[in-house]
Amino acid sequence: MNRAASVPASQVMTWLESVPDPEIPVLSVVDLGVVRGVAWDGETCVVTITPTYSGCPAMREIAHDIERTLAGHGVAAVRVETRLAPAWTTDWMSERGRAALKGYGIAAPAERAIDVSGISRRAAGPVVACPHCGSNRTRLVSHFGSTSCKALYRCAACREPFDYFKTH
Ligand SMILES: [Zn+2]
């Protein structure tokens, strides 16, 4: 019996908290809600991830970082499985993740992507508070910011531009 295979999944999850999101290094893949689960298949550690955005090229990098990090903790056999349904939603982001986003100058999702009735509110257009000064007087500059996962906004109060992590 491989020693690593007796490690609880919750411990593996804690190790994964050191794996940063390639696009937003202050945010771990756990806080981002990308890691959906950890399980053991015999002596292979199976990590299930759900991409934040279909075709996000960062996912390959994340899978590689997960394998490397777990190898550093003595887990030699790792399988990263991608699950596309249900689709990732910004609702899966942890409170710590939202706080880290703001500290990084990125506005966290303003509202839950799915309301209680289960209807996506994506089309409604959220009120986005400026991460620099907190003002709600912001406007969308471009639907695509530094990456396709983000939109570019500008604050009318402090005039600073900022990225908004799109709710989807
Ligand atoms: Zn501002």
Side-chain angles (χ1 to χ4, degrees), residues 10 12-38 47-69 72 80 82-168:
S10 59
V12 174
M13 206 67 158
T14 303
W15 290 336
L16 292 177
E17 284 173 6
S18 72
V19 177
D21 177 63
E23 291 171 357
I24 314 162
V26 294
L27 208 55
S28 81
V29 290
V30 173
D31 284 329
L32 194 55
V34 163
V35 176
R36 301 315 300 158
V38 172
V47 180
T48 304
I49 62 173
T50 295
T52 54
Y53 206 80
S54 59
C56 218
M59 283 301 135
R60 274 195 300 276
E61 201 176 332
I62 290 173
H64 180 76
D65 283 351
I66 286 173
E67 289 166 9
R68 205 185 33 169
T69 297
V80 177
T82 304
R83 188 198 292 157
L84 296 176
W88 181 86
T89 156
T90 41
D91 293 352
W92 292 350
M93 211 180 281
S94 72
E95 283 307 314
R96 187 170 52 181
R98 287 163 191 270
L101 263 191
K102 193 175 179 191
Y104 197 59
I106 298 174
E111 59 190 13
R112 299 184 72 78
I114 311 289
D115 70 15
V116 286
S117 61
I119 297 167
S120 174
R121 296 162 68 168
R122 167 187 338 201
V127 174
V128 179
C130 170
H132 304 295
C133 72
S135 170
N136 283 336
R137 288 170 52 214
T138 59
R139 71 181 176 82
L140 178 68
V141 176
S142 165
H143 280 288
F144 296 98
S146 57
T147 71
S148 58
C149 306
K150 305 186 202 80
L152 182 65
Y153 274 72
R154 183 179 291 277
C155 176
C158 71
R159 307 204 166 275
E160 288 291 324
F162 62 91
D163 271 346
Y164 167 61
F165 204 112
K166 282 184 273 193
T167 303
H168 64 79

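Because the structure is a prediction, the values reported are computed rather than measured. Counting starts at 1 for both ligands and their atoms, in listed order.
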_Is any side-chain heavy atom of Thr50 closer than 4.5 Å to one of Trp92?_
yes
*Under a 4.5 Å cut-off applied to non-hydrogen side-chain atoms, are Trp15 and Val38 in contact?*
no
*Do you know which two heavy atoms are closest between Leu140 and Ala151, and how far apart they sit?*
CD1-CB, 3.8 Å
*Test side chain to side chain contact (heavy atoms under 4.5 Å, CB included) applied to Pro131 - qualifying residues, sequence neighbours left out*: Lys102, Ala107, Phe162
_Restricting to non-hydrogen atoms, name the atom on Leu152 and the atom on Pro161 that form the minimum distance, rounded to 0.1 Å._
CD1-CB, 4.4 Å
*Does the side chain to side chain contact (heavy atoms under 4.5 Å, CB included) test come out yes or no for Leu32 and Trp88, once each step is laid out?*
CA-CA 10 Å; Leu32 194 55; Trp88 181 86; 4.2 Å; yes
*Total protein N, O or S atoms, the Zn ion (ligand 1), separation less than 2.8 Å*: 4
